[in-house]
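Note sheet for the following structure.
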Number of protein chains: 2
Amino acid sequence: MSAPTLIDGKKTAESVLAECEAEIADLKSKGVTPGLAVVLVGADPASTFYVRSKSKMCEKLGIHSVKLELPAETTQDELLKVIDDLNNDPAVHGILVQSPPPAHIDEAAIIAEIDPAKDVDGFHPVNVAKLALEDASGFVPCTPAGCQRLLTEYGIETEGANVVVLGRSMIVGKPMALLMMAKGKGANSTVTVAHSRTKDLEAVTREADILIAAIGKPEFVKAGGVKDGAVVIDVGINRVDDASQKKGYRIVGDVAFDEVAPKCKAITPVPGGVGPMTIAMLMANTVKACKQITGN
Amino acid sequence: MSAPTLIDGKKTAESVLAECEAEIADLKSKGVTPGLAVVLVGADPASTFYVRSKSKMCEKLGIHSVKLELPAETTQDELLKVIDDLNNDPAVHGILVQSPPPAHIDEAAIIAEIDPAKDVDGFHPVNVAKLALEDASGFVPCTPAGCQRLLTEYGIETEGANVVVLGRSMIVGKPMALLMMAKGKGANSTVTVAHSRTKDLEAVTREADILIAAIGKPEFVKAGGVKDGAVVIDVGINRVDDASQKKGYRIVGDVAFDEVAPKCKAITPVPGGVGPMTIAMLMANTVKACKQITGN
C-alpha cells in the first residue's frame with residue numbers, strides 16, 4: 001500500500017479560522033463584535049491551559065473575550081448567578097464553563113442554566129435535541145463537529161460508509177454518531193457505536209470504513225482492529241510517561257499510530273489532528289451564535 | 001433449528017398494564033387519579049382509530065381520559081392555546097397530540113409547547129436530550145420503550161450484543177439506538193443504525209444478534225438479511241392490498257415473516273408483537289408522569 005494521507009488538523013483548523021475571520025470582519029463592519037465568555041472554576045493546570053488557549057484564540061481573531069477564573073470555593077449559586085449575568089450580557093454571544101468543575105458543582109445544572117442560544121459547547125439539552133432532530137440552528141459539540149469537518153475537507157465519502165464510533169460519551173461518541181447518521185452531505189453514514197462492553201471489539205472496528213476513536217485509552221486501537229484502507233480519526237489525547245522527554249511524558253492518541261498508519265488510507269496524527277479542530281470549531285460556533293442572536 | 005420463540009406482544013403488554021393497574025390503585029388510595037389528554041386535529045380515519053384506542057385503554061385502567069377531537073381547520077394558535085390549557089390542568093398528567101396533524105400545523109412547535117413533564121410521547125426536546133443523557137426522569141418514546149421491554153421480558157441478553165436498528169426516524173430509530181447503547185440492564189449493546197443510504201444493507205443486518213426493523217417498508221427484511229439464531233423485533237405496521245381479505249388489505253411488518261422466522265431464535269409477529277406494546281408503554285408513561293408530578 002502507498003503511504004497514508006496524513007490528515008492535517010492544524011491546516012484544516014486554519015481554514016476554519018480564516019472563514020471565521022471573514023465573518024467577524026463582516027460583522028464588525030455592521031457594528032457587531034462576537035463575544036465569548038469562558039468560565040473556569042478552580043485552578044486545575046490543564047483546565048487553566050485550555051481556558052487561556054481559548055482566550056488567546058479569541059484575541060487573535062478579534063472576538064471579544066471574557067475570561068472568568070473563579071476560585072475553587074465558588075458555590076453552585078454563585079456560579080449560576082455568573083451564568084445568568086453572562087446570559088443577559090449583550091456583548092457575550094457564547095458561554096462555556098470549562099469541564100470538569102470541582103466536585104461540589106452540579107455540572108448538568110450549570111449547563112442547563114446557559115442560554116441555549118449562547119451554548120457554543122453544544123451540551124445544553126436543547127442543543128442535544130436539535131442535533132438528534134437534525135435542526136441546523138443548534139450547536140454541535142466542537143470535537144465531533146471538528147472530526148466531521150476533517151472528513152469533508154479531505155473529500156472522504158461518508159454517504160453509506162460504515163462509520164464506527166468507539167466510545168459513547170455525551171462529549172464525543174453520541175453526538176458524533178448522531179451527526180454521521182443524519183441526512184445530508186458529510187453524513188448519511190451507517191453508524192455503529194462500540195464501547196467498553198462491546199464483544200470482540202476488534203471484529204467490530206475492523207468493519208469500519210471510517211473509524212473514530214474516542215475511548216480515552218492510550219494507543220488502544222491496534223493494527224488488528226483496523227481494515228486495510230480505512231480512514232482513522234483519533235480523538236484521544238492521553239498522557240503517557242516517557243522518561244526520554246524533557247517534561248517526563250508524551251501525548252498519544254487512542255490509536256497505536258505507528259502500527260495502524262501503514263494500513264490506512266488516511267489518518268489523523270496526535271497531536272496535530274483533531275486537537276486544533278476543537279478550538280477552531282468553538283470559534284466557529286461563537287461566530288454562528290453571534291450571527292443568530294444579532295440577526296446577521 | 002428448532003422453531004423460533006414467538007415474542008408475544010399482547011401478553012407482555014398485559015404484564016405492563018397489570019403493573020400500571022397496581023400503581024393506579026396505589027395512587028387512587030392517595031387521592032390521585034392519573035389523567036391523559038389525547039388531542040386529534042382533523043378526522044383522519046387511522047388517527048381517529050388510534051386516539052379512540054388510547055382513550056378506551058385509559059378508561060379500562062381507570063385513567064382519567066380527556067379526548068379532544070378538534071376540527072381540521074384548527075389554527076396553530078388555537079392548538080397552542082389548547083396545549084397551554086392542558087399544561088395548566090392539574091387533572092392532566094400526560095398530553096399527546098396524535099401525529100400527523102394537518103399540513104398547516106407546525107408539529108415541532110406544538111410538541112415544544114407541551115410541558116416536558118407531561119410529554120408522555122417523549123418527543124419534546126427536553127425528553128430527547130434526557131434519553132441521550134441517560135437521565136431516567138425523562139420519557140422514552142413508547143415504541144422503542146416497548147421493544148426494549150419485549151427483549152427484557154423474554155430474557156434476551158443485550159449486553160455486548162450487536163443490535164442493528166433499521167431506520168433512523170426520531171419516532172423509533174434514533175431513540176431505539178440511544179436506548180440500547182446506554183449503560184445498564186437491558187442495554188449496553190453495540191448499536192448500528194442502518195437506513196436507506198446504507199450500502200449492502202443485508203450484509204449489515206446479517207451481523208445483528210438483535211435486529212430491530214423500523215424502516216416502514218412492507219416485508220423489506222428477507223431471510224438473506226438475517227443471521228441464523230437472531231432475535232428479530234418488527235416495528236413495521238404496513239397495509240398491503242389483499243383481495244382474499246374481506247377488507248381488501250392485510251397488515252404486514254417490515255420483515256418477511258414466513259421466510260425469516262425459521263432462521264430466528266425469537267421473533268415478533270405482526271400484528272400482536274410491537275403494536276400492543278406501544279399503547280401499553282403510553283399508559284406506563286402516563287402513570288410515571290402522574291407519580292413525578294404529584295410526588296408519589
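Residue numbers begin at 1 in each chain, while the letters A, B, ... track the order of the sequences. Hydrogens, waters and symmetry mates play no part in the numbers below; they use all other heavy atoms, side chains included. Keep in mind that this is a model prediction, so the values were computed, not measured.
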*asked:* Quick check for you: to the nearest 0.5 Å, what is the distance between B:Asn162 atom CG and A:Glu207 atom CD?
replied: 9.5 Å
*In Å and rounded to the nearest 0.5 Å, what is the CG to OG1 distance from A:Asn188 to B:Thr198?*
9.0 Å
*Within a radius of less than 6.0 Å around OH of A:Tyr50, do more than 12 heavy atoms belonging to other residues, nucleotides or ligands occur?*
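Atom OH in A:Tyr50 is not crowded, with 12 or fewer foreign heavy atoms closer than 6.0 Å.
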_Atom NZ of B:Lys81: over 12 foreign heavy atoms under 6.0 Å_ = no
Between the side chain of [X] and the main-chain N/O of [Y], is any donor-acceptor distance below 3.5 Å?
{"X": "B:His195", "Y": "A:Ser189", "value": "yes"}
{"X": "A:Lys174", "Y": "B:Ala132", "value": "yes"}
{"X": "B:Arg168", "Y": "A:Ala182", "value": "yes"}

_Please classify the contact between A:Asp200 and chain B as side chain, backbone, both or neither, with a heavy-atom cut-off of under 4.5 Å._
neither
*Counting only heavy atoms closer than 4.5 Å, note whether A:Ser196 contacts chain B via side chain, backbone, both or neither.*
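The answer is neither part of A:Ser196.
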*Looking at B:Leu201, B:Val193, B:Val164, B:Leu178, which has the largest count of heavy-atom pairs under 4.5 Å with chain A?*
B:Val193
*Minimum side-chain heavy-atom gap A:Leu133-B:Met170 below 4.5 Å*: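 They are in side-chain contact.
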*Flag the pair B:Val204 / A:Thr192 as yes when at least one side-chain heavy-atom distance between them is below 4.5 Å, and no otherwise.*
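Not in contact.
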*B:Lys130 portion near chain A, given a 4.5 angstrom heavy-atom threshold*: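 The answer is neither part of B:Lys130.
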*Minimum heavy-atom separation for B:Ala129 to A:Pro125, with atom names?*
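Distance-wise, the nearest heavy atoms are CB-O, 3.3 Å.
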